[in-house]
Amino acid sequence: MPELPEVETIKNELAPHITGRWFTSITICDAKPLHGLSVEEFCHKLVGQRIEQLKRRGKYLIFQLSNGEVLIIHLRMTGALLLNPERTDRYTRVMFGLDDGNQLVFTDRRRLGVIWLAEEEQSVVGKLGPEPLASEFTANRFASLLQKRQAPIKAVLLDQTFVAGIGNMYADEALFLAKIRPLRKANSLSNQETRALYQAVQDVLTQAIRNKGASIDTYKRPGGENGTAHFSFRVAHRGGKPCPNCGMPIQRIPIRNRGSYFCPNCQKL
DNA sequence: CTTGGGACCTGGCTGC
DNA sequence: TGCAGCCAGGTCCCAA
């Protein structure tokens, strides 16, 4: 499930291979991901465009094109971008041919991924909150934002207009590190808890980027390799297994229809 | 404005 | 062996 660390890894590993290249052919196997554009429009507008830069914003990948427009891809749950995969399969959705003979392939088992071609980047990612690892996102800003919200802290961390890029796995991991129960109301956190959570978010995301993302489900890096961040997970996707701190079984409860994993002993109400 | 619930989408897994 | 039902969750849409 690509969250910020996974998308950051894809950007980092793809950029050296595709920056400066241009699109020579597009093959659409499934038009569903194309947002608001026909197959003909999409191919016609994209072929011939040079990739000036590859960027990430939240969980979105942004290809800056030579005509000033942007190609934006959101992988959602099961999307992947593979460089020259050995073979394609029934989950192959779009194939992008590049001028050096390389091929960038978008695959997506559950067909939830979305591809935009837009004149203005902000029309797609304009509502996103701050980048959690950017210097502007300070502990004080985090604290003042939290005070305005009374939803469960887990739900607030997942709100992309609050902060961009945190998904279900890393929200659970950060709340565990900060010893905060996911159902706690955001504005009920003490100053100490708020600072601990801020630091936990930074640590969890930074460490996961270092480990090239978490291959819990279908996440693959562009070369087809798995990430290793999931080997460090303490609670995420570990329902019933012992807490690494105290040994008590990790619980799972639904919050906003998302599985939330926590230690009932270490994470206080 | 915030909050919460359902829909989308498909495959792996479990239990009967 | 078959099949129903749960689980996975990022985002949009809608109602309160």
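Chain identifiers are assigned alphabetically (A, B, ...) following the order of the sequence lines, protein sequences preceding nucleic acid strands; residue numbering begins at 1 within each chain.
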Q) Which ones in residues 151-179 of chain A lie close to DNA chain B, meaning a heavy atom under 4.0 Å from one of its atoms? A) A:Ala151, A:Pro152
To the nearest Å, how far apart are [X] [atom1] and [N] [atom2]?
X	N	atom1	atom2	result
A:Ile73	C:dT11	CD1	P	15 Å
A:Asp108	C:dT11	CG	P	13 Å
A:Ile255	C:dG10	CD1	C1'	16 Å
A:His230	C:dA8	NE2	C1'	15 Å
A:Asn257	C:dC13	CG	P	18 Å
A:Lys127	C:dT11	NZ	P	13 Å
A:Lys185	B:dT2	NZ	C1'	12 Å
A:His35	C:dG10	NE2	C1'	14 Å

Quick one: salt bridge (Lys or Arg N to Asp or Glu O under 4.0 Å) partners of [X], sequence neighbours excluded?
X	answer
A:Arg234	none
A:Arg221	A:Glu13
A:Arg76	none
A:Lys148	none

Q | DNA chain C: 5'-proximal contact among A:Leu128 and A:Arg252 (nearest heavy atom) | A | A:Arg252
If hydrophobic residues (ILVMFWY) are linked whenever their side-chain heavy atoms come closer than 4.5 Å, directly or via other members, who joins [X] in its cluster?
X	value
A:Leu269	none
A:Tyr60	A:Ile62, A:Val70, A:Ile72, A:Val114, A:Trp116, A:Val124, A:Val125, A:Leu128
A:Met95	A:Val105

Q) Is there a side-chain polar atom (N or O) of A:His237 under 4.0 Å from OP1 or OP2 of C:dC7? A) no
Q: Please determine if a side-chain N or O atom of A:Lys59 lies less than 4.0 Å away from the OP1 or OP2 oxygen of C:dT11.
A: yes
Q | Distance-only donor-acceptor check, side chains A:Gln192 and A:Arg195, under 3.5 Å | A | no
Q: Enter the inter-axis angle for the ends of the helix from B:dT2-C:dA16 to B:dC16-C:dG2 (five pairs per end, rounded to 10°).
A: 50°
Output a table of nitrogen or oxygen pairs between the protein and nucleotides 8-11 of chain B separated by less than 3.5 Å.
| unit_1 | atom_1 | unit_2 | atom_2 | d |
| --- | --- | --- | --- | --- |
| B:dC9 | O2 | A:Arg110 | NE | 3.2 |
| B:dC9 | O2 | A:Arg110 | NH2 | 3.3 |
| B:dT10 | OP1 | A:Arg111 | NH1 | 2.8 |
| B:dG11 | OP1 | A:Arg90 | NH1 | 2.9 |
| B:dG11 | OP1 | A:Tyr91 | OH | 3.0 |

Q.
Closer than 4.0 angstrom, basic N to acidic O: yes or no for A:Lys55 and A:Glu121?
A. yes
Q.
So, using ring pair (Phe, Tyr, Trp, His ring centres under 6.0 Å) as the criterion, who are the partners of A:Tyr261 when residues are at least two apart?
A. A:His237
Q | Residue list, ring pair (Phe, Tyr, Trp, His ring centres under 6.0 Å) with A:Phe233, at least two apart or on another chain | A | A:Tyr170
(Q) Can you identify which nucleotide, out of C:dA8, C:dG10, C:dC12, has its nearest atom closest to the A:His74 side chain? (A) C:dG10
Q: May I ask you to check whether A:Phe142 and A:Phe137 place their ring centres under 6.0 Å from each other?
A: yes
